[in-house]
Amino acid sequence: MISQRNDARHWWRDAVIYQVYVRSFLDSTGDGIGDLAGVRAGLPYLKKLGVDGIWLSPFYPSPQHDHGYDVADYRDVDPVFGDLGEFDLLVAAARRLGIRVLLDIVPNHCSSEHPSFREALAAPPGSAARARFHFADGRGPDGSEPPNNWHAMFGGPAWSRVTEADGSPGQWYLHMFTPEQPDWNWRNPEVPAYFDQVLRFWLDRGVDGFRIDVAAGLFKHPGLPDSPDPEADARTRDSVNPLAWNQPEVHDVWRHWRAVCEEYTARDGRERLLVGEVSVPTAREHARYVRPDELHQAFFFDLLSAPWDVDAFRKVISEAIQDIAGTGSTVTWVLNNHDQVRTVTRYGEPAPEGSGLGAARARAAALLMLALPGAAYIYQGEELGLPEVVDLPDDVLTDPIFRRTGSRARIRDGCRVPLPWSGQASPFGFTQEAAGVKPWLPQPEWFAEHATDRALADTRSFWHLYRDGLQLRSSLPQLGDGTLRWLDTPPGILAFSRGDGLVCAVNFGTAPTPAPVAGEPLLTSGPCPPGVLAGSTAAWWITDGTHD
Ligand code: GLC
């Protein structure tokens with residue numbers, strides 16, 4: 001097996017990308033909200049951690065109904081996050097440090113404040129302006145029923161009714177998320193042409209690629225027929241309505257975007273990356289998005305949704321590798337992001353301590369992920385072992401899921417609390433302590449235990465585990481791109497070899513077990529006596545090759 005890690009043309013195949021949730025990373029202006037200058041100030045920290053690139057969550061002008069996933073202008077920076085000049089400084093600083101920069105692009109929907117949507121609202125039914133979105137007459141004698149029975153992902157109907165210019169109740173428009181996020185009509189050629197300009201705008205400013213929001217969206221089934229199970233999306237919060245998602249036409253868009261990226265690569269040799277947020281029912285469907293002329297990568301979310309169970313992990317890893325083989329892509333692993341409960345909490349720990357079973361399992365999962373073939377994404381705070389903040393009071397919650405459903409189940413504020421950098425009390429260095437200015441979400445007192453200054457000073461911290469794992473990953477040819485071979489192991493243990501003699505084993509049980517490999521491990525996720533793999537622990541070894 002030949003590692004392609006050092007081949008700059010294919011840097012993305014096994015890159016480790018750090019997701020920066022800009023509003024919660026670091027605030028340079030003292031308004032309680034993180035910003036691009038804060039990201040630039042944090043680059044040396046990320047360099048020290050050892051990541052290959054960053055993905056910036058949306059920073060475009062937006063009314064922030066869904067924290068920037070409601071874009072009012074795709075080619076600018078919201079003043080709360082900085083301006084284009086600051087963006088250019090960030091890209092230049094990242095380039096100097098060898099950190100690639102990915103933007104988050106949101107092509108399925110925009111903001112109801114986007115000029116095109118405002119124009120559509122002001123224009124009459126049947127106009128060219130309305131044809132850029134999905135406007136339709138309502139059902140029933142007075143048009144007071146939505147055009148079809150679809151429900152939005154975040155609760156409620158997927159349609160809202162507008163008032164026409166003459167004040168009469170009018171047509172309806174489609175929004176698969178909130179009413180403030182109208183869906184673009186990708187069957188109208190003006191829409192792909194517009195996004196072509198958006199891509200080029202940012203590529204011309206030097207970005208290395210894009211994370212594509214809702215990449216299985218964009219097209220809806222022609223005619224927008226009723227769904228047999230209209231509440232399926234809202235119920236599962238997965239995009240499962242077969243009429244609203246994963247339509248075959250979307251693949252042509254990704255072919256075109258790939259061609260645009262290749263065009264830029266042909267100019268300067270720098271390979272640009274398209275990584276899709278692709279939520280589709282099967283690994284097989286998923287693989288269709290990463291065929292050689294489509295997206296380079298698509299997040300493989302099955303690992304993230306797997307329970308802490310050896311068989312579940314083995315199954316999703318095997319399926320991912322099998323289904324991705326032959327596509328030209330590599331599996332894109334992810335354990336945390338801005339939409340999910342953080343691993344430390346998800347794997348079973350009652351927050352807030354951050355030092356028990358959930359933390360041990362999250363550490364083990366990190367070593368496992370970094371040993372798997374392919375690329376990996378780390379969500380900010382994951383490297384600090386941050387647990388979810390589960391007890392935010394209702395009145396500070398901002399997630400539209402809470403606003404629309406009134407339910408705290410699966411709200412996302414708890415993984416978006418601003419990072420702790422230093423000190424013993426909020427704002428923990430996240431923001432300047434200007435009088436009265438607080439971080440946009442309250443940080444609990446126990447964030448002190450996870451602050452980066454403490455993490456860097458303590459060699460047993462999550463931070464050191466991630467840093468050591470990343471360093472080894474970049475120096476060992478066995479890790480990164482390539483294949484794996486499962487090893488026979490007793491129940492509860494998962495072990496595989498990579499290339500020439502690297503073995504990774506994880507003990508999913510809580511009791512210690514004899515180490516599956518003799519000799520001293522290179523790295524362990526927790527303390528292990530000689531010859532033992534402790535419970536809820538992962539380890540890496542270099543062997544004499546007998547395991548290959
Ligand atoms: C994606 C984003 C999520 C956002 C949604 C709508 O799933 O990750 O945060 O709310 O798209 O844009």
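Quick caveat, the model's predicted, so the values are computed rather than measured. Sequence positions, counted from 1, serve as the residue numbers for this chain. As the structure lists them, so they are numbered: ligands from 1, and atoms in each ligand from 1.
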Practice task
In plain terms, say whether R416 and D339 are close enough for a salt bridge, that is, a side-chain N and a carboxylate O under 4.0 Å apart.
Solution key: yes
Practice task
May I ask you to decide whether D213 forms a salt bridge with R211, counting only side-chain N to carboxylate O separations under 4.0 Å?
Solution key: yes
Completion exercise
Taking every heavy atom of E294 against every heavy atom of H251, the minimum-distance pair comes out as OE1-ND1, 2.7 Å
Problem - R363 charged N/C atom sitting above F462 aromatic ring, 6.0 Å / 45° - result: yes
Exercise for the section: Please determine if R130 forms a cation-pi arrangement with F135, meaning its NZ or CZ atom is less than 6.0 Å from the six-membered ring centre and no more than 45° off the ring axis. Expected result: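 Yes, a cation-pi geometry holds between R130 and F135.
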Scan the side chains in residues 275-285 for donor-acceptor partners under 3.5 Å anywhere in the protein, sequence neighbours excluded, and list what turns up.
residue, atom, partner, partner atom, Å
E277, OE1, V214, N, 2.7
T282, OG1, E285, N, 3.0
E285, OE1, N246, ND2, 2.9

If you count the atoms of ligand 1 from 1 in the order shown, which ones are under 4.0 Å from a heavy atom of [X]?
{"X": "H109", "answer": "6 (C), 12 (O)"}
{"X": "R412", "answer": "3 (C), 4 (C), 9 (O), 10 (O)"}
{"X": "F154", "answer": "10 (O)"}
{"X": "D339", "answer": "2 (C), 3 (C), 7 (O), 8 (O), 9 (O)"}
{"X": "V214", "answer": "11 (O)"}
{"X": "F177", "answer": "5 (C), 6 (C)"}
{"X": "D66", "answer": "4 (C), 5 (C), 6 (C), 10 (O), 12 (O)"}
{"X": "R416", "answer": "9 (O)"}

Exercise for the section: State whether a side-chain donor-acceptor pair under 3.5 Å links Q340 with Y379. Expected result: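 No, no side-chain donor-acceptor pair sits under 3.5 Å.
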Problem - Under-4.0 Å heavy-atom contact with ligand 1, by part of R211 that carries it - result: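 Looking at R211 and ligand 1, just side chain atoms fall under 4.0 Å.
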Completion exercise
Taken in chain and number order and not counting sequence neighbours, the residues that satisfy salt bridge (charged side-chain N to carboxylate O under 4.0 Å, His left out) with R342 are none
Handout entry: Q340 near ligand 1 by a heavy-atom separation under 4.0 Å
Key = no
Practice task
Report the nearest protein non-hydrogen atom to atom 7 (O) of ligand 1: residue, atom name, distance rounded to 0.1 Å.
Solution key: E277 OE2, 2.7 Å
Practice task
Note the single closest protein heavy atom to atom 1 (C) of ligand 1, along with its residue, its atom name and the distance in Å.
Solution key: D213 OD1, 2.7 Å
